[in-house]
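Report on the following structure.
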2 protein chains.
Amino acid sequence: MSGSRAAAKARTHENLLDAAATVFAERGYGAASVEEIARTAGVSVGSVYAHFTSKEKLFVALMERRSAGEFATAQAALADGFEAAVPALNRQLLAEADSAHLAELGAEAWLYGLRSPGFGAELAAHHRRVHDVVVEMVTRERERRGTTLAMTDGEVGTVATALARGLVHYRRMSPETVPDDLFGRTLIALLRGLEAPGPPAAPASPPASGPGDRASDDA
Amino acid sequence: MSGSRAAAKARTHENLLDAAATVFAERGYGAASVEEIARTAGVSVGSVYAHFTSKEKLFVALMERRSAGEFATAQAALADGFEAAVPALNRQLLAEADSAHLAELGAEAWLYGLRSPGFGAELAAHHRRVHDVVVEMVTRERERRGTTLAMTDGEVGTVATALARGLVHYRRMSPETVPDDLFGRTLIALLRGLEAPGPPAAPASPPASGPGDRASDDA
DNA sequence: GTCTATAGCGAGATAGAC
DNA sequence: GTCTATCTCGCTATAGAC
């Protein structure tokens with residue numbers, strides 16, 4: 001059942017990352033101790049340093065594993081169309097908010113990124129990748145509907161990701177204030193509000209601004 | 001110029017809170033040291049403990065000062081009507097996102113609240129007060145327009161505060177992805193999308209649900 | 001690769017003079 | 001109330017046996 005020694009090493013590696021997730025989330029990066037991480041993983045302190053050269057490298061490795069998973073989940077949510085993606089993203093939001101550690105790790109990552117320029121750049125790149133996935137979903141849905149929006153697709157993606165982040169934040173703090181489906185309902189209402197250019201009088205005649213292209217770009 | 005000894009004490013007290021804001025924001029709660037806070041404030045370590053019984057109490061005192069200021073600003077933004085409040089809240093958002101320390105302190109407060117039950121309750125209460133101010137603004141605007149919304153006023157307030165939080169988060173990480181006026185534009189579009197019940201056919205005839213009251217409540 | 005033991009340092013908090 | 005000096009403890013990281 002226990003495989004080769006290489007498999008045992010890999011298992012220890014994963015156990016350490018799991019333990020690190022728990023301890024970093026519960027104590028915060030600065031207050032977390034390598035000793036507690038080792039104890040949680042069921043190994044000694046020496047073993048930790050055989051796998052990771054420092055506490056910092058362990059934290060970064062954990063964050064990279066987390067980013068990879070997050071991106072994969074976002075892509076999977078997009079695979080089906082908009083109709084299915086919205087509740088899927090909503091579920092992911094609930095999972096993060098109601099998890100014991102995910103939201104805390106997100107905040108720790110963000111703070112660490114602000115303090116460490118190199119990691120900050122990686123974190124921004126990760127967010128850009130997730131953002132692009134959401135934007136692609138918006139673009140597809142806009143084109144399917146054949147309408148124009150009063151915002152760029154990039155801006156809609158930014159609003160959607162920011163709203164999700166904020167709702168996770170508040171639901172973790174005060175669960176009863178954020179209903180399960182609030183994210184999805186808000187997104188749908190927002191698109192609705194962005195669609196119609198004016199009062200229901202003029203069917204299709206935007207003011208004399210640029211050409212009728214209001215698509216993919218950030219800012 | 002230097003006033004009484006009581007005034008000097010009060011000045012040291014404020015200097016310590018300012019220094020604590022800087023150091024806690026830059027290092028994080030766990031990694032911040034009382035020695036650095038003392039040095040930043042220009043006093044000795046002993047003086048810090050003459051004003052605050054522990055590092056933790058100093059942090060909590062800082063957070064309370066911060067909450068008081070935040071609430072006052074929110075109330076001031078509401079004082080004028082909706083039209084003026086939206087850009088005012090937008091400005092507050094930009095100030096927090098572009099400040100050197102405000103957003104970090106918010107994240108530290110949130111994390112600390114999750115780890116310390118007592119403080120978490122205070123933080124949730126603070127958020128509820130801010131939330132209530134926003135909800136009152138929404139209620140007033142809805143009644144002024146004489147319309148109904150596809151969401152409770154409480155939910156709109158939750159979405160607005162969550163969106164603001166998320167936009168601060170992402171603007172601090174990647175400033176170029178969050179345009180200055182995105183919050184205000186989104187809020188207006190959202191209300192627009194929440195207003196009209198159906199297609200522009202039926203002027204005023206909601207389905208056969210409850211009485212026409214869709215006002216203040218959270219969930 | 002994993003362990004035990006420890007070096008070496010910095011942290012929070014206190015004592016006592018002024 | 002503010003200072004200097006210090007106590008005491010826990011931390012990161014390493015050394016060396018197995």
Side-chain angles (χ1 to χ4, degrees), chain A residues 1-63 108 111-112 115-116 118-119, chain B residues 1-63 108 111-112 115-116 118-119:
Chain A
M1 186 86 76
S2 56
S4 65
R5 275 178 301 193
K9 174 188 168 185
R11 200 164 45 250
T12 297
H13 196 88
E14 289 302 307
N15 286 347
L16 279 172
L17 288 176
D18 292 343
T22 300
V23 177
F24 281 133
E26 287 180 352
R27 310 279 184 205
Y29 176 76
S33 82
V34 174
E35 188 277 332
E36 185 176 1
I37 293 171
R39 181 158 32 86
T40 304
V43 298
S44 69
V45 179
S47 274
V48 177
Y49 285 94
H51 283 263
F52 304 94
T53 59
S54 69
K55 175 182 170 182
E56 200 168 0
K57 290 285 176 60
L58 170 56
F59 181 76
V60 170
L62 169 64
M63 289 302 140
E108 292 288 341
L111 285 167
Y112 187 79
R115 285 157 195 159
S116 160
F119 185 78
Chain B
M1 186 81 81
S2 58
S4 66
R5 275 176 303 195
K9 175 187 169 184
R11 199 162 48 246
T12 296
H13 196 88
E14 289 303 306
N15 286 347
L16 279 173
L17 288 176
D18 292 342
T22 299
V23 177
F24 281 133
E26 287 179 352
R27 311 278 184 206
Y29 176 74
S33 81
V34 174
E35 187 276 333
E36 185 176 0
I37 294 171
R39 183 159 30 86
T40 304
V43 297
S44 70
V45 179
S47 274
V48 176
Y49 285 94
H51 283 264
F52 304 95
T53 60
S54 69
K55 175 184 171 182
E56 201 167 359
K57 290 285 175 59
L58 169 56
F59 181 76
V60 171
L62 169 63
M63 289 302 139
E108 292 289 340
L111 286 167
Y112 186 79
R115 287 159 193 156
S116 161
F119 185 78

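Everything numeric in this text was worked out from a predicted model, so none of it was measured. Only heavy atoms go into these numbers, but all of them, side chains included; no hydrogens, no water, no symmetry mates.
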Using the test ring pair (Phe, Tyr, Trp, His ring centres under 6.0 Å), find all partners of A:Phe52 that sit at least two apart in sequence or belong to another chain.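 A:Phe52 satisfies ring pair (Phe, Tyr, Trp, His ring centres under 6.0 Å) with A:His13 once adjacent residues are dropped.
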Can you list the residues that meet the side-chain contact (heavy atoms from CB on, under 4.5 Å) rule with [X], with sequence neighbours excluded?
X	value
A:Ala20	A:Phe24, A:Ile37, A:Leu58, A:Leu62
B:Lys57	B:Thr53, B:Ser54
B:Ser44	B:Ser47
A:Val60	A:Glu64, A:Tyr112, A:Phe119

side-chain hydrogen bond (donor to acceptor under 3.5 Å, both in side chains) with B:Asn15: which residues, sequence neighbours excluded?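 Scan of B:Asn15 (side-chain hydrogen bond (donor to acceptor under 3.5 Å, both in side chains), adjacent residues dropped) gives none.
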What residues form a salt bridge (charged side-chain N to carboxylate O under 4.0 Å, His left out) with B:Glu56, not counting sequence neighbours?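 Not a single residue meets the salt bridge (charged side-chain N to carboxylate O under 4.0 Å, His left out) criterion with B:Glu56.
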Which residue pairs pass the salt bridge (Lys or Arg N to Asp or Glu O under 4.0 Å) test with at least one member in residues 40-49 of chain A, sequence neighbours excluded?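 Every pair satisfying salt bridge (Lys or Arg N to Asp or Glu O under 4.0 Å) with a residue in residues 40-49 of chain A: there are none.
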Derivation of the side-chain contact (heavy atoms from CB on, under 4.5 Å) call for A:Thr40 and A:Asp18: CA-CA 9 Å; A:Thr40 304; A:Asp18 292 343; over 6 Å; no
Counting only pairs under 3.5 Å, give me each side-chain donor-acceptor contact of residues 25-32 of chain A, with atom names and distances, residues two or more places apart or in other chains.
from: A:Arg27; atom 1: NE; to: A:Glu36; atom 2: OE1; distance (Å): 3.0
from: A:Arg27; atom 1: NE; to: A:Glu36; atom 2: OE2; distance (Å): 3.4
from: A:Arg27; atom 1: NH2; to: A:Glu36; atom 2: OE2; distance (Å): 3.1

Below 4.0 Å from chain A heavy atoms, what is the first contacting nucleotide of DNA chain C and what is the last?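 Contact boundaries, 5' end first: C:dG1 to C:dT4.
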Distance check needed: D:dT12 C1' versus A:Lys57 NZ, whole Å only.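 Interatomic distance, NZ of A:Lys57 to C1' of D:dT12: 14 Å.
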May I ask you to list the residues of residues 46-53 of chain B, by number, that have any heavy atom positioned under 4.0 Å from an atom of DNA chain D?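 By residue number: B:Gly46, B:Ser47, B:Ala50, B:His51.
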Any residue in residues 25-36 of chain B with a heavy atom nearer than 4.0 angstrom to DNA chain C? Just list them by number, or reply none.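 The stretch gives B:Ala32, B:Ser33, B:Val34 as the residues lying under 4.0 Å from the strand, ordered by number.
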